[in-house]
A.B. asks: 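Dropping the structure in here first, questions after.
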Amino acid sequence: MPVQLLKVIKGKSEIPLPSHLQKEDLKHLQEGLDHTNKYFQDTFVVAGFKLAKSPTAREDGRHSCHLEVSEEAGSAIYIYTAPRTTAASETASVSVAPKYVYTPLNHLKDGTIVNLYGVVKFFKPPYISKGTDYCSVVTLVDPSNVKLTCTLFNGNLDALPKIYKVGDIVRFHRIKIREYNGQMQGITSAGFASLTFDGTVGAPVVPRTSSKVYTFMDEEQKTIEDLRVWAASNLSISGPAAKLSGVQPMLYFDLTCQLVGKAKVDGSSFLLKVWDGTKCPYPTWKVPVEARDLEGEKVLLHQLRNLTVDILVYDNHVQLAKSLKIGSFLRIYSIHTKQASAENEDFSHIEFHLHGGTCYGRGIGVLPESNPDVKELKTFLESVDLADSQNMESMSSVELDGTFNSVTDLESHLKRCQQLSVTVLTDHQDLNNTELKTILNSTAPQQYRIRAKLRTYKPQKLYQSVKLHCSKCNSLREVPDGGDFDLILQGAAVTAPNPDLHNTSWYNSVMWTTQDQKQRKIAIHFVKHDEMLQQPEDTLLMVEGGTLKEVWKLTKRFKCVIPVRSTEDHLELLDLSAPFLLQGNIKYYGCKQCSTPKPIKSLSSIAAEQRPSWEPSEIAQVLGIEPLQYVFVMRFTLVDGTGALNAYIFDYEKFFQIPASEILTNNFLQEKMQMTMNTLCPPGRKLDDLPWLECFIKSYNVRDAMKHQVYYQIFDTTVAEDVV
DNA sequence: GCTTAGGTTTTG
């Protein structure tokens, strides 16, 4: 029921009460009379109440009647507020915002219309009902641990809550409560409105809503944040979503994907061709359809043929599937993976079905481009190298078998991880564990030993976790991609090598001109040792005018490659956005802020050493470069049943036992890291089934002009030996 | 204005 604030100026309400309301004195209240248009005034106004005999009047000696108010009965409450003392600069008007009251789920009563908050424990994405409306069924739970299943109808799809996953948080206004089969049930009433929020601890509190006008204040923001923390350690929400690369036969899963093609199959089924950028490890079925029935971009369908999977949707889902736009991002809920062996084939294949009905939330949801999961998926899809996927044509379970012989092995491995801890401390073993709740309620800085579960982590794409760190100025920088380097090389190639700088006492130079139209001049300067050229694998060289490909080829043969350019009187390094040194697969970068590059001839001091080792750190030093270190930066959301906190990992090598400098160019290490993360936080698992992590964390304060925050960092912790 | 569905996997 709406509660409205009235501003009183000089004893009079600024906004008058509705004229049909008549003031009533408490003394004159009588049972059996109609009080619909009556009000009495105290510090607040109650209008449109029902009068009932107070059952406790005899005991408590209060008035023999009490008032019953409900939105359904058309009741309204007006509260008078005195005007605030306003500063001259402040506007004199006081806002008259409706004050909403939210009912906890354990205080719901039959026949009332209430406002409430809840965490989504289960939901059916909106589907077309057999009547005239869309329907969505949502089960909520709140810290009272009472569940409420709501059946929501609306002819306008947009008016239903935009729930994308279990754990989302909703605020419902004006939902009607009824009793059904001995339980409370929520159902849309006139004026129903909802807001939906991401349930992730620490995520921005931005409501998803279709209504243009809604109230949302600091108080509500706090409610959402509190519910997130409560849900993180009390509600069984599964972790990171499953990918096609992680599917297993004979199960149900939710898939976030992009629609590439669609086709009619027959009256009761419809085909969706989707991809998520990863490769299903099993052979997948292809549903035969007429070429002319297949909608989608032909070239793309062909390019992605090894990455798309066919999902056959049935019955009630057909109508919605038909209306989907090619290219849109979908979450398909409760897809069934079915193992089937086709006749005349030695190998069984995997089929994807979205069966008829809406049990277990089965259905299709369209995700907006603003959805964080969609943003992440888009970035990943853009990074997928299609040439690679063509080569992976026959990639199958054989590759999985290299690591785990079967699903059963993987299961037993995970089971072991649930009992023991998947991470161990490298120090402080004598310390006792502290609960997260205690840590959250304490001041920083402090250090703690904790035992917690990894609910989720960011970024999900592990290559995004690699950054460059300057230990001098403590800045973090993204690792530049090959394209940036290529542009710098192209820019440098515009200036031709200066022949005056060739063939000095400490290097020999060769130069040639490309045969193509560009007539590009390339110079390579081989550094000598003891007046002699060394073996290629021991040689450091400088290159001028080379392309990305040429520089890369040189790194394969020679120990060190330094891209340079000529000035009038010396050779110098390129812009520090480019690596100052390439060695093996690793590109070494310098900090733009902290470096003062020196001319290349400074290197001659190392060349003159007895046995030059060409250590990157030594090269950086003589060239005046402050080298950047590769580092993994990740955010772990940890929970332990008492609370949830975000802790950062800042790791060169110690935590994951993988050098951050090598992961970007090493497929094996990337797979190893993914496996490690899958063990720490198995995708698609419920909270109960997540393994425990033993961690050492420290809290620290971060203050700026605007606010003060406490951050947490994991340290002196490493992944357990048998997990690596 | 009323109905729709009312959580607990198809059997293609």
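So that the names make sense, note that chain A is the first sequence line, chain B the second, and so on, each numbered from 1.
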A.B. asks: Mind checking Y127(A) for me? I need base, sugar-phosphate or nothing, with any heavy atom below 4.0 Å counting as a touch.
C.D. replies: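 Sugar-phosphate contact only - Y127(A) comes under 4.0 Å of backbone atoms but never of a base.
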
A.B. asks: Which listed nucleotide (dT9(B), dA5(B), dG12(B)) is nearest to the side chain of R362(A)?
C.D. replies: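 Out of dT9(B), dA5(B), dG12(B), the nucleotide with an atom closest to R362(A)'s side chain is dT9(B).
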
A.B. asks: Give one of base, sugar-phosphate or nothing for H353(A), where a contact means two heavy atoms less than 4.0 Å apart.
C.D. replies: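 Since no nucleic acid heavy atom lies under 4.0 Å of H353(A), the category is nothing.
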
A.B. asks: Taking D373(A) first and then K165(A), would you say they form a salt bridge - that is, a charged N and a carboxylate O separated by under 4.0 Å?
C.D. replies: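 Yes.
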
A.B. asks: What is the distance from OH of Y180(A) to P of dA5(B), rounded to the nearest Å?
C.D. replies: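 Checked: the OH to P distance equals 11 Å.
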
A.B. asks: What is the distance, to the nearest angstrom, from the NE2 atom on H355(A) to the P atom on dT10(B)?
C.D. replies: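 Nearest whole value for this atom pair: 8 Å.
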
A.B. asks: Tell me what G357(A) touches on the nucleic acid: a base, only sugar-phosphate, or nothing, going by heavy atoms under 4.0 Å.
C.D. replies: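 If one applies the 4.0 Å heavy-atom cut-off, G357(A) turns out to touch nothing in the nucleic acid.
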
A.B. asks: Which ones in residues 309-322 of chain A lie close to DNA chain B, meaning a heavy atom under 4.0 Å from one of its atoms?
C.D. replies: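 Y314(A), D315(A), in order of number.
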
A.B. asks: Go through the side-chain N and O atoms of T139(A) and T149(A) and say whether any donor and acceptor fall under 3.5 Å apart.
C.D. replies: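 Note: T139(A) and T149(A) side chains meet the donor-acceptor criterion.
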
A.B. asks: Quick check: does any side chain N or O of D640(A) sit under 3.5 Å from a backbone N or O of L436(A), one acting as donor and the other as acceptor?
C.D. replies: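 Yes, the answer is positive, given that a donor and an acceptor are paired below the 3.5 Å cut-off.
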
A.B. asks: Of the options dG7(B), dA5(B), dT10(B), whose atoms approach the side-chain atoms of C359(A) most closely?
C.D. replies: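 Nearest listed nucleotide: dT10(B).
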
A.B. asks: dT10(B) C1' sits how many Å from I332(A) CD1, rounded?
C.D. replies: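 Distance, rounded to whole Å: 17 Å.
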
A.B. asks: When you compare the side chains of E179(A) and Q183(A), does any donor N or O come within less than 3.5 Å of an acceptor on the partner?
C.D. replies: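 There is no such pair (donor and acceptor under 3.5 Å, judged by atom type) between the side chains of E179(A) and Q183(A).
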
A.B. asks: Tell me whether the centres of the aromatic rings in Y333(A) and F123(A) are closer together than 6.0 Å.
C.D. replies: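 Ring centroids of Y333(A) and F123(A) are less than 6.0 Å from each other.
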
A.B. asks: Under 5.5 Å centre to centre and under 30° between planes: does that hold for Y252(A) and the six-membered base ring of dT9(B)?
C.D. replies: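 Stacked: centres under 5.5 Å apart, planes under 30°.
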
A.B. asks: Is K121(A) close enough to dG7(B) that one of its side-chain N or O atoms is under 4.0 Å from OP1 or OP2 there?
C.D. replies: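 No.
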
A.B. asks: Is the H173(A) to Y100(A) ring centre distance short of 6.0 Å?
C.D. replies: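 Yes, they do, as the ring centres are separated by less than 6.0 Å.
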
A.B. asks: Return the nearest nucleotide to the side chain of T132(A); candidates are dT4(B), dG12(B), dG6(B).
C.D. replies: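 Of the candidates, dT4(B) comes closest.
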
A.B. asks: Using atom OH of Y333(A) as one end and atom C1' of dT8(B) as the other, report the distance to the nearest whole Å.
C.D. replies: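 Taking atom C1' of dT8(B) as the reference, OH of Y333(A) is at 18 Å.
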
A.B. asks: Without decimals, in angstroms, what is the distance between D133(A) CG and dG1(B) P?
C.D. replies: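 Result: 14 Å.
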
A.B. asks: Is dT8(B) in the syn range, within 90° of 0, or in the anti range?
C.D. replies: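 What dT8(B) shows is a syn base, its glycosidic angle lying within 90° of 0.
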
A.B. asks: Strictly below 4.0 Å, N to O, side chains only: are R228(A) and D198(A) in salt-bridge contact?
C.D. replies: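 No.
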
A.B. asks: Rounded off to whole Å, could you give me the CG-to-P distance for the D254(A) and dG7(B) pair?
C.D. replies: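 Rounded to the whole Å, the gap is 20 Å.
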
A.B. asks: Quick one, which residues of residues 141-151 of chain A touch DNA chain B with a heavy atom under 4.0 Å?
C.D. replies: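 Contacting residues: K147(A), T149(A), T151(A).
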
A.B. asks: Does a side-chain N-to-carboxylate-O contact under 4.0 Å join D168(A) and R208(A)?
C.D. replies: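 Yes.
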
A.B. asks: For this output row, return yes or no: ring centroids of F352(A) and H336(A) closer than 6.0 angstrom.
C.D. replies: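 When the ring centroids of F352(A) and H336(A) are compared, they turn out to be at least 6.0 Å apart.
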
A.B. asks: Could you give the CG-to-P distance, from L160(A) to dT4(B), as a whole number of Å?
C.D. replies: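 The answer, rounded to whole Å, is 17 Å.
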
A.B. asks: Please state how far atom CZ in R178(A) lies from atom P in dT4(B), giving the value in whole angstrom units.
C.D. replies: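 Result: 11 Å.
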
A.B. asks: Y360(A) on top of dG7(B)'s base, within under 5.5 Å and under 30°?
C.D. replies: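 Not stacked by the 5.5 Å and 30° rule.
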
A.B. asks: Using a 6.0 Å distance limit plus a 45 degree cone around the ring axis, check whether K461(A) lies over the aromatic ring of F380(A).
C.D. replies: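 Judged by the rule, K461(A) and F380(A) form a cation-pi pair.
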
A.B. asks: Counting side-chain heavy atoms from CB outward, which of dG6(B), dT9(B), dT4(B) is closest to S129(A)?
C.D. replies: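 Nucleotide nearest to S129(A)'s side chain: dT4(B).
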
